[in-house]
2 protein chains.
Amino acid sequence: MADTDPLAAERLQITPPHRELLDQVLDKWSLEVLNQLCERPSRFNELRHAIPTVSQKSLSATLRRLERNGIIVRHVLSSRPVAVEYRITTLGKTLRHPVDVLLDWAGRHLPAIEAARRSYDEAG
Amino acid sequence: MADTDPLAAERLQITPPHRELLDQVLDKWSLEVLNQLCERPSRFNELRHAIPTVSQKSLSATLRRLERNGIIVRHVLSSRPVAVEYRITTLGKTLRHPVDVLLDWAGRHLPAIEAARRSYDEAG
DNA sequence: CCGGATCCTTTATGATACTG
DNA sequence: CAGTATCATAAAGGATCCGG
């Protein structure tokens, strides 16, 4: 009866703080940034290049939000001219597993879901 | 070597279709609806009551989207006056695990993240 | 009871220009 | 290089009214 069972079959609970957290961390650009920073620390323009469709405004907003949540750190290198490096934190690394599970789910079921969409759209 | 390993330590890949799928299925109201329908089939107004903060417009949009993606089914009961019941599908049930993993992560790390936020906000 | 159509407000996002 | 500030626009969301 291990009440310490991870993921016991209890009903999920989504409190506003939980929801806010997911919003801050699972949005489009955050996942892309995480993906990149899981591979290696990167500089601002390096991230822009790695994520070609992000605007600089959205990227900087995303970075500041992830930094505030302790998911990444901003590291200012006192070189010349200034260089700034973003790195994933230990806390940030814990996000990888849930995100992987999610992407794994998406990959597995995307075909079935696309089929469902076609069927829905045809039926009108 | 098992190349069939689930979640091998390969880099995540987020294609536009994957991203769209997550957007359609992980948004605020979808998770609430899923949560409710995992417990029991429900009618429209039952869902409104269970999720007091959702507007009817957002709820109906959410339901139609989830239905289109094959996550839930809309079941019209030929009673009088019309009753409509929404149920989770087999495909929809597969979503539960990833969502649980996500919520488990959020629950575990929320304190650390709130601490990070306070520290960030104080530092200015 | 279920939900579409409309109007209106709020929020998110992009393009552009400028600074330490 | 690494951003911020500003402006313009689009998309999301709520409130309300109405019809099947």
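Letters A, B, ... mirror the listed sequences (proteins, then strands); counts begin at 1.
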Asks: NZ of A:Lys57 versus P of C:dA17: gap in Å, rounded?
Replies: 16 Å
Asks: So that I can tick it off, tell me whether B:Lys28 and A:Asp23 are bridged by a salt bridge, with the cut-off set at under 4.0 angstrom between side-chain N and carboxylate O.
Replies: no
Asks: I want to check one thing: is the phosphate of D:dG3, taken as OP1 and OP2, less than 4.0 Å away from some side-chain N or O of A:Arg74?
Replies: yes
Asks: D:dA12 P sits how many Å from A:Lys28 NZ, rounded?
Replies: 12 Å
Asks: Look at the side-chain N and O atoms of B:Arg64 and state whether any lies under 4.0 Å from the OP1 or OP2 oxygen of C:dG4.
Replies: yes
Asks: Check the hydrophobic clustering (I, L, V, M, F, W, Y; side-chain heavy atoms under 4.5 Å; chains of links allowed) and say if B:Tyr120 and B:Ile113 are grouped together.
Replies: no
Asks: Reckon B:Ser60 has a side-chain N or O less than 4.0 Å from the OP1 or OP2 of C:dG4?
Replies: yes
Asks: Please determine if a side-chain N or O atom of B:Ser58 lies less than 4.0 Å away from the OP1 or OP2 oxygen of D:dA12.
Replies: no
Asks: Would you kindly give the CD-to-P distance between B:Glu67 and C:dC2, to the nearest whole Å?
Replies: 15 Å
Asks: Take atom CD of B:Glu32 and atom C1' of D:dG13, then tell me their distance rounded to the nearest Å.
Replies: 16 Å
Asks: Do A:Leu34 and A:Arg96 come close enough that some side-chain heavy atom pair is under 4.5 Å?
Replies: no
Asks: In this structure, how many angstroms lie between the C1' atom of D:dG3 and the CG atom of A:Leu77, rounded?
Replies: 15 Å
Asks: For C:dG4, does the base pair up with any side-chain atom of B:Gln56 as donor and acceptor (N or O, under 3.5 Å, distance only)?
Replies: yes
Asks: Would you mind reading off the distance between B:Asn45 atom CG and C:dG3 atom P, rounded to a whole angstrom?
Replies: 9 Å
Asks: In whole Å, I'd like the distance from the CG atom of A:Leu59 to the P atom of D:dC1.
Replies: 14 Å
Asks: Salt bridge check: are B:Arg117 and A:Glu20 linked by an N-O gap of less than 4.0 Å?
Replies: yes
Asks: Assuming nearest nucleotide by heavy-atom distance, tell me which of A:Val82 and B:Ala61 is located more 5' along DNA chain C.
Replies: B:Ala61
Asks: Return the value, rounded to whole Å, for the distance between atom CZ of A:Arg48 and atom C1' of C:dA15.
Replies: 11 Å
Asks: Would you say a side-chain N or O of B:Arg43 is under 4.0 Å from OP1 or OP2 of C:dC1?
Replies: no
Asks: Under 4.0 Å from OP1 or OP2 of D:dC1: is there any side-chain N or O of A:Tyr86 that close?
Replies: no
Asks: Could you check B:Asn69 against B:Leu21 for side chain to side chain contact (heavy atoms under 4.5 Å, CB included), going step by step and ending with a plain yes or no?
Replies: CA-CA 9 Å; B:Asn69 284 272; B:Leu21 174 52; 4.2 Å; yes
